[in-house]
Amino acid sequence: MKKTFNVKQVAVYIGVIIAFSIVALFYFKPVLKGYKIFQSDIAQFRGMSKELKDYREQNGKEAFWTDAAFGGMPSYQLSTYYPNDYIKKLDGVIRFLPRPADYLFLYFLGFFVLLTVLKFDWKLALIGSLAFGFSTYFIIILGVGHNAKAHAIGYIPLVLAGVLLLFQKRFVLGFVLTAIATSLEMQASHPQMTYYMLFMLLFVGLFFVLEQLKKGTIKSFIKPISLVVLAMVIGLLTNAQSLLATKEYAAHSTRSKSELTVTPDGKPKEVTTGLSKDYITEYSYGILETFNLMLPRLVGGANNEDLGTDSNTYQFLASKIGAGQAAQFSKSVPTYWGNQPIVAAPAYIGVVFVFLFFIGCFLVKGWIKKGLIAATIFSILLSWGKNFGFLTDLFIDYMPMYNKFRAVSSIQVIAEICIPLLGMLALKELFSDTVSKQEKIESAKIAIIIVVGILIIFTFFGGMLFSFSGLNDGYYNQQIPGFSGALKADRKAILFADGIRSIVLVALTVGVLWMLVNAKIKKQYGILVLGAILLFDTLTIAKRYVNDDNFLPANKVEKPFSPSSADKQILQDKGHYRVANFSGNFMNDGATSYYHKSIGGYHAAKPRRYQELVDYQLSKNNMQIINMLNTKYFIVSSEDGAPQAQKNPDANGNAWFVNNIISVDNADDEIFALTNFDSKKDVVINTQDFKVQPTEVDSTATIQLISYEPNELVYDYQSEKAQLVVFSEMYYQPGWNAYVDGELTPHYRADYVLRAMNVQAGKHKIVFKFEPKVIQQGSKLSLVGYGLLIIVSGILIFTLRKKD
């Protein structure tokens, strides 16, 4: 039957989009006054990417390399605009609201589309989407600046919606939505979230296929599954530039296998193809902590909570240090007592959603339910990380790419999507006239026993069951004896308060459902009341952790770092050099990169060899390494704690001639040969990898950097003899090319991370250019992806019309 254009339905959808926009802007209303949210990670990102941003604005093109951090690294994971990246433009249209309202809007929109595909009444879909978007984990990642993660999570429901459309045999719309949503998901550039999404799709797809096999209709799943695969391939192709670039850099980052076989102290090194197990599982969700999903402060909430002056902590401290200091401290009390190093907020999904999820486990029928339950259990088990080591180790050792990602607790994002979705499916059944009253009541009874039973145990008996002891309590108790007692009393109190809150919310939900099932209330009123309960549940907890207090005037956010007197002093030097900021942890510092070329930086995937250079040599205060990195200035703390600049007169400069080749034949010898060497005279070369010509010495030879851009460095040199030159620039074979008088000339890796080159006698010009082939190749592949999307869609439309 030919469908007609439904004006009323379109008007409803436009109204929903407007409603989502208003809610997102209202939640983050300081953006309407020009304020911006302060995100600690984004502040560091601004420091790391400032050189790239400045270059883009001044030259209208991309550099793809920055010298501002870790001595130099590709920009692929920092800030890069790729050619033919049309999907990025579409993403910009969808996320039209100011940040971070755009991400909240995306949460709402994606879940609404998913529920619409599942044939929800728009009013039910509207309230479900709003409650879903305010899930605490989704909000808190905006508070700390995990924008790429939020971005990727926002598109996951859209991808699932496309896949479900294909399973419903709505091939044209399903194929187009799956392909575009996958492209958008990839474009968000958070491989970890995309990787986890595939697990969820795998479970849902698996139960769909099993259902079809059970029915004996094999043909009915071959076409949709094939189109899902093809759509995802198109999603990959349209993002080929960034994906190929990421893959290339991954082989050189800390996420790759190390060539070293011993530790800095010479002991055998754990051999891994990715990150170490300790690093991967550092953030493992506690098994008890999982119940945070329905009782937000079961293990204390966040690392720091505002308990106010009614707290036990305030009363105790007021008697020890005075009311003023006690009141100040009470605004940031270390209430969290779980085992994770840092927790910005509990991953609270909402007790009402959890309650509905358990109803759905018994009331909803079919493969979708089975897929969602399986995916939920799977994600929770893996989120336990080292607390459920058997399964986690299995995945780290044998599952491809699993060992490339850290913070395994974040796989819980699958549950964050599946639980509300099954909860909403349960609600749909509860509103349905085709499901018997008895089934509804029986399902609700079981859910009440499970959820309320757990809540009662934790709320009323938690004080007897748990120690309430945090990892740092001993430290606080040393500072003020008796402090931990007051702290534990507060932890018990907030658990009890939140437990009562959850029980009341479940009781209210049960009351409304009872009236609905027994026809004591009209459906539209039931939707309104349940919507209010759902929203109150998730929104009020989210508001505890990200609210108006997180916003600052735009100029302070856009320019997060103010130059210190040390920065100002160093900036007087207009040369090309590097700065080492030792006033803090220089390997977790984006601020220095904001003003200088830094030997440190802030990134989750640092260049692997550079990190090893730090671990094996720099951490041992090897000044030869400092000098070869052309570290002309140090920033150190003065006696009063203020940063001060110190000049290093021994820095080697941008390039220098050497004549003593220390030949080694493996990475272990390469790194340890730097322990006792003179960086100005000696050069360490792995001759298994590079064949270097021996050279003579000309003491009158000169070499000078005459031009610098992030992606192009020009040197003039003059020598009476052939020479070997070392450049204080990072060696990165996949992109850097060297030209001597315009002719491509080989260069080598030297001193573990730097570049070296044999140059002939005479007066010549050396130009290093960053020319990554992967960008050009990816750009062409992305056009192939767009072409395939159009061609396959056209074929599907033609085939459909032919059948009609």
Side-chain angles (χ1 to χ4, degrees), residues 71-72 251-252 256-269 271 607-631 650-699 701 703 715 717 719-738 740 744-761 764 766 768:
H252 299 266
S256 66
K257 181 180 179 181
S258 173
E259 299 165 71
L260 299 173
T261 62
V262 293
T263 62
D265 56 5
K267 295 179 181 175
K269 190 173 186 292
V271 178
R608 176 174 47 77
R609 276 186 166 258
Y610 191 83
Q611 179 66 62
E612 289 167 348
L613 184 76
V614 171
D615 294 340
Y616 286 70
Q617 295 294 342
L618 255 177
S619 62
K620 297 176 181 175
N621 299 318
N622 186 336
M623 284 304 295
Q624 293 300 321
I625 305 302
I626 293 284
N627 295 336
M628 80 180 204
L629 293 175
N630 193 21
T631 312
D650 298 323
N652 288 13
N654 304 117
W656 58 96
F657 299 104
V658 290
N659 64 323
N660 182 33
I661 299 174
I662 301 175
S663 176
V664 296
D665 57 11
N666 60 61
D668 291 340
D669 292 343
E670 202 177 343
I671 191 78
F672 285 113
L674 303 176
T675 303
N676 296 299
F677 91 129
D678 183 339
S679 64
K680 293 183 178 62
K681 298 177 181 175
D682 306 328
V683 60
V684 177
I685 303 281
N686 187 332
T687 49
Q688 290 296 309
D689 295 335
F690 305 101
K691 304 302 178 189
V692 182
Q693 300 298 318
T695 60
E696 301 176 76
V697 178
D698 172 13
S699 60
I703 184 164
Y715 299 83
Y717 85 90
S719 175
E720 297 296 326
K721 298 177 180 176
Q723 296 275 317
L724 179 58
V725 186
V726 178
F727 301 88
S728 183
E729 303 295 337
M730 295 298 111
Y731 178 84
Y732 188 77
Q733 184 275 330
W736 280 103
N737 291 320
V740 177
L744 185 63
T745 305
H747 67 285
Y748 326 106
R749 187 182 64 237
D751 298 343
Y752 205 69
V753 296
L754 300 182
R755 302 174 204 162
M757 176 188 280
N758 281 112
V759 293
Q760 300 303 309
H764 301 280
I766 302 172
F768 276 103

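Along the sequence shown, the residues carry numbers beginning at 1.
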message = Quick check against the 3.5 Å criterion: does Asp682 have a side-chain atom that pairs as donor or acceptor with the backbone of Asp678?
response = yes
ask   = Do the side chain of Trp656 and the main chain of Ser679 share a donor and acceptor less than 3.5 angstrom apart?
value = yes
query = Applying the side chain to side chain contact (heavy atoms under 4.5 Å, CB included) test to Lys680, which of Val726, Asn652, Val658 qualifies?
reply = Asn652
query = How about Ile685 and Ile662: do any of their side-chain heavy atoms sit closer than 4.5 Å?
reply = no
remark   = Closest heavy-atom pair, Asn666 versus Asp668, reported as atoms and distance to 0.1 Å, is OD1-N, 3.1 Å
message = With a 3.5 Å distance limit and no angle check, can you tell me whether Thr631 reaches the backbone of Ile626 through a side-chain donor-acceptor pair?
response = yes
query = Could Arg755 and Phe768 be counted as a cation-pi pair, given that NZ or CZ must be under 6.0 Å from the ring centre and within 45° of the axis?
reply = yes
task = Please answer whether the main-chain N or O of Ala651 pairs with a side-chain N or O of Asn630 as donor and acceptor at a distance below 3.5 Å.
result = no
key: Considering all heavy atoms, the nearest Lys691-Thr687 contact   = NZ-O, 2.9 Å
query = Taking the six-membered ring for Trp, are the ring centroids of His747 and Tyr731 within less than 6.0 Å of each other?
reply = yes
message = Within the 4.5 Å heavy-atom criterion, are Val683 and Asn660 side-chain neighbours or not?
response = no
request  = Could you walk me through whether Asp650 and Asn627 pass the side chain to side chain donor-acceptor pair (under 3.5 Å) test, one step at a time?
outcome  = CA-CA 6 Å; Asp650 298 323; Asn627 295 336; 5.0 Å; no
message = Closer than 3.5 angstrom, by distance alone: can the side chain of Lys620 be matched with the main-chain N or O of Pro264 as a donor-acceptor pair?
response = yes
key: Ser728 side chain vs Ala655 backbone, donor-acceptor pair below 3.5 Å   = no
task = State, yes or no, whether a side-chain contact exists between Glu729 and Leu754 at a heavy-atom distance under 4.5 Å.
result = no
key: Considering all heavy atoms, the nearest Ala667-Tyr752 contact   = O-CE1, 3.9 Å
query = Under 3.5 Å, is there a donor-acceptor pair between the Tyr748 and Asp689 side chains?
reply = no
key: Backbone of Lys267 reached by a side-chain donor or acceptor of Thr263 within 3.5 Å   = yes
task = Taking salt bridge (Lys or Arg N to Asp or Glu O under 4.0 Å) as the test, write out the residues that go with Arg609, two or more places apart.
result = Glu259, Glu670
task = Please answer whether the main-chain N or O of Ala761 pairs with a side-chain N or O of Ser719 as donor and acceptor at a distance below 3.5 Å.
result = no
key: Heavy-atom closest contact (Ser256 atom, Ala251 atom, distance)   = OG-O, 3.3 Å
request  = With rounding to the nearest 0.5 Å, note down the distance linking CG in Asp751 to CZ in Phe677.
outcome  = 4.5 Å
